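Throughout, residue positions are numbered sequentially from 1 according to the sequence presented. All values below come from the heavy atoms of this structure, side chains included, with hydrogens, waters and symmetry mates left out. Fair warning: this is a prediction, and the values are worked out from it, not measured in the lab.
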Amino acid sequence: LSPRYGIDPVTGEVNPWPDVERMASIKQWCEAAFEEAEADQRTSEELHNVEKYIEYLSGKQWGGGRPSYRAKPVNNRMHRLFWELVSLLTDIRPIVDIRSTERDNSSVAQEEVLNKSTKAWWINNNVEQRVAMCIVYAMLTTSWAKQEWNPNLCGGRGDMTLVPLHPKAVLPLKPGLDLQDSEALIFQDEKSIGWVKRKFPDRQHLVVPDLDISQYQIDTGPPANIMPQLFERLTPAFKRILKPQHSGGMSAYPKCRYREFWLKDYSVNTSSSPVLMGDPYSRWKESYWAHPGQMLYPRGRLIVMAGRAIVHDGPNPYWHGLFPFSVLRLNVVPWSIYGMSDLKPMM
């Protein structure tokens, strides 16, 4: 992948974007990586059953092909067992204790500051309920959580936040024994066009809505010349043929597919002079010098796509150099990143 320098070593331009040909190759690589990770995700049997688990929880426990004259009794014990298990797994008192190996007065005082800050972060950002939502997702198969910097928290001063993600939101590429051993993690979501333009103002002219997720439709119901009871017994294919066309239009808040590619880039500075990576004029000045022979992205690389356009390309903004994601599996399955659901034996 062609690197994007903080300052071009030839022209001196700040944060220059690659030319059209190199940009096309980066987009092609990202799309190929997403297709590969998506193909790996489709092989998970547990992910295929997530929708079935949710239907069982809501009481839809009979197949669609059952005749209308046959009774469909439901005794939804699974719903009660599900929330009892959630209560057991969340009825805990989180204990965080930061200890210093040095026991001088300044180190002990710093201990107290860090412990109080951690407790304040947990309470002020409602982390307890977010962890509970992660547990709910983990009971289905596997839960992902994203720890990211939110500049809108604390009255605009910003703070770290925990975002619970559904099982299909994160796609690991070449995962290992640990989540951080993966070569790349791809986060996918749907964001409004306005949100993307506010976050990436310098590339907002490239962002266009995806029509398949930006249009709403109105169900007009069965045709007037067919009895509703008879229409409900028809197969979905016949319903599509007989039903009048859906009406609708563009949503008031059009959306686009938002994807973040957190990857390990092993590119090395092969020139004879140091190059500046990152944005030296950003609020937090996420930039550094890569000297000859050193890696250009020692902490990893982040490429963001909105729709079909690349809106961000730069080093990992977090100095720890890790993927800002964590995984929770209640029942670990060997050789699989996705755990077995607790609802499977209940069904």
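- Counting only heavy atoms from C-beta outward, the side chains of E13 and I7 never approach each other to under 4.5 Å.
- Listed for the D210 side chain is no donor-acceptor partner under 3.5 Å among the backbone atoms of C256.
- In this structure, S214 contributes its side chain and L211 its backbone to no donor-acceptor pair below 3.5 Å.
- The 12-atom threshold is exceeded at CD of Q180, counting heavy atoms of other residues, nucleotides or ligands nearer than 6.0 Å.
- The environment of E45 atom CD is sparse: at most 12 non-hydrogen atoms of other residues, nucleotides or ligands sit within 6.0 angstrom.
- A cation-pi arrangement is absent between K344 and Y53, since the terminal nitrogen or guanidinium carbon is not both under 6.0 Å from the aromatic centre and inside a 45° cone about the axis.
- The closest side-chain heavy-atom distance from N331 to D342 is below 4.5 Å.
- Residues Y318 and E148 meet the side-chain proximity criterion, which asks for heavy atoms closer than 4.5 Å.
- Between K168 and E38 there is no salt bridge, since no side-chain nitrogen of the basic residue lies less than 4.0 Å from a carboxylate oxygen of the acidic one.
- Of the possible polar contacts, none joining the S336 side chain to the V333 backbone as a donor-acceptor pair under 3.5 Å is found.
- In this structure, OH in Y56 is found 4.5 Å from CE in M347, a value given to the nearest 0.5 Å.
- Between the Y288 side chain and the L296 main chain, a donor and an acceptor come within less than 3.5 Å of each other.
- To the nearest 0.5 Å, atom CD1 of residue I98 and atom CD of residue E112 are 12.0 Å apart.
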Next item on the list: With side chain to side chain contact (heavy atoms under 4.5 Å, CB included) as the test, would you mind laying out the steps for M160 and N150 before giving the verdict?
Entry: CA-CA 6 Å; M160 294 297 296; N150 188 345; over 6 Å; no
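- For the atom pair CD1 (I337) and CG (L171), the distance works out to 11.5 Å, reported to the nearest 0.5 Å.
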Notebook entry, point to check: Would L302 and H312 count as a side chain to side chain contact (heavy atoms under 4.5 Å, CB included) if you check the C-alpha gap in whole Å, the side-chain angles of each, and the deciding distance to 0.1 Å?
Noted result: CA-CA 8 Å; L302 171 61; H312 175 81; 4.0 Å; yes
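- Between R259 and E31, at least one side-chain N (NZ, or NE/NH1/NH2) sits under 4.0 Å from a carboxylate O, which counts as a salt bridge.
- Note: Y258 and W195 meet the aromatic proximity criterion, with ring centroids under 6.0 Å apart.
- Put simply, the side chain of H48 gets close to the backbone of R42: a donor and an acceptor are under 3.5 Å apart.
- W149 is connected to V127 through a chain of hydrophobic side-chain contacts under 4.5 Å among Ile, Leu, Val, Met, Phe, Trp and Tyr, so both are in one cluster.
- A donor-acceptor pair is defined here as one N or O able to donate and one able to accept, closer than 3.5 Å; such a pair exists between the side chain of T142 and the backbone of G339.
- With respect to the salt-bridge test (charged N to carboxylate O, under 4.0 angstrom), the residues E111 and R103 qualify.
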Validation: residues 198-205 side-chain donor-acceptor distances under 3.5 Å, sequence neighbours left out:
unit_1, atom_1, unit_2, atom_2, d
R203, NE, I310, O, 3.1
R203, NH2, I310, O, 3.1

Checklist line | L263/D265 under side chain to side chain contact (heavy atoms under 4.5 Å, CB included): CA gap, chis, key distance, verdict | finding: CA-CA 6 Å; L263 53 101; D265 193 315; 4.0 Å; yes
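- Side-chain atoms of S341 come within 3.5 Å of backbone N or O of M139 as a donor-acceptor pair.
- The shortest side-chain heavy-atom distance between K174 and S182 does not fall under the 4.5 Å cut-off.
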Item checked: Derivation of the side-chain hydrogen bond (donor to acceptor under 3.5 Å, both in side chains) call for D159 and N125 -> CA-CA 9 Å; D159 198 358; N125 292 283; 3.2 Å; yes
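- The shortest distance between side-chain heavy atoms of L1 and I303 falls below 4.5 Å.
- Two residues are said to be in side-chain contact when any heavy atoms from C-beta on lie closer than 4.5 Å; S143 and V327 fail this criterion.
- Taking the ring axis of W122 as reference, the NZ or CZ atom of K119 does not stay both within 45° of it and closer than 6.0 Å to the ring centre.
- Here the side chains of I54 and V50 are in contact, with some heavy-atom distance below 4.5 Å.
- Here the closest heavy-atom approach between residue P167 and residue Y338 is recorded as O-CE2, 4.0 Å.
- For R66, the CZ atom is densely surrounded, since the number of other residues' heavy atoms within 6.0 Å is greater than 12.
- Within 6.0 Å of atom NZ in K191, more than 12 heavy atoms from other residues, nucleotides or ligands are found, so the atom counts as buried in its surroundings.
- Annotation: cation-pi geometry not satisfied between R77 and F82 (NZ/CZ under 6.0 angstrom from ring centroid, within 45° of ring axis).
- Here the CG atom belonging to L185 is positioned 11.0 Å from the NZ atom belonging to K146, to the nearest 0.5 angstrom.
- Paired with N15 under the rule side-chain hydrogen bond (donor to acceptor under 3.5 Å, both in side chains), one option of D8, D313, D279 passes, and it is D279.
- Using a distance-only test at 3.5 Å, with no hydrogens or angles considered, a donor-acceptor pair links the side chain of Q294 to the main chain of H291.
- The closest side-chain donor-acceptor pair between Y266 and E183 falls under 3.5 angstrom.
- With a 6.0 Å cutoff to the six-membered ring centre and a 45° limit on the axis angle, R4 counts as a cation-pi contact of W17.
- R130 contributes a side-chain N or O that, together with a main-chain N or O of L162, makes up a donor-acceptor pair within less than 3.5 Å.
- The distance from the CG atom of N49 to the CE atom of M340 is 11.5 Å, given to the nearest 0.5 Å.
- Both L140 and L81 are part of a single hydrophobic cluster, where members link through side-chain heavy atoms under 4.5 Å apart.
- R257 has no carboxylate O lying under 4.0 Å from a charged side-chain N of D189, or vice versa, which leaves the two without a salt bridge.
- Within the 4.5 Å cutoff, side-chain heavy atoms of N316 are placed close to those of W262.
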Item checked: Stepwise side-chain hydrogen bond (donor to acceptor under 3.5 Å, both in side chains) test for Q147 and T161 -> CA-CA 6 Å; Q147 300 89 35; T161 184; over 6 Å; no
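- By the rule that hydrophobic residues join a cluster once side-chain heavy atoms approach within less than 4.5 Å of another member, L165 and V131 end up as members of one cluster.
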Notebook entry, point to check: Between Q129 and M133, does a side chain to side chain contact (heavy atoms under 4.5 Å, CB included) hold up when you go through it step by step?
Noted result: CA-CA 6 Å; Q129 291 191 8; M133 195 64 201; over 6 Å; no
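- Within 6.0 Å of NZ on K72 lie more than 12 heavy atoms contributed by other residues, nucleotides or ligands.
- Ring orientation note: the planes of F187 and F325 are tilted relative to one another, at an angle of 30° to 60°.
- Residues S107 and D104 bring a donor and an acceptor atom of their side chains to less than 3.5 Å of each other.
- In this structure a side-chain-to-backbone donor-acceptor pair under 3.5 Å is missing from D40 to A37.
- When the shell of 6.0 Å around CD of E51 is examined, it contains 12 or fewer heavy atoms from other residues, nucleotides or ligands.
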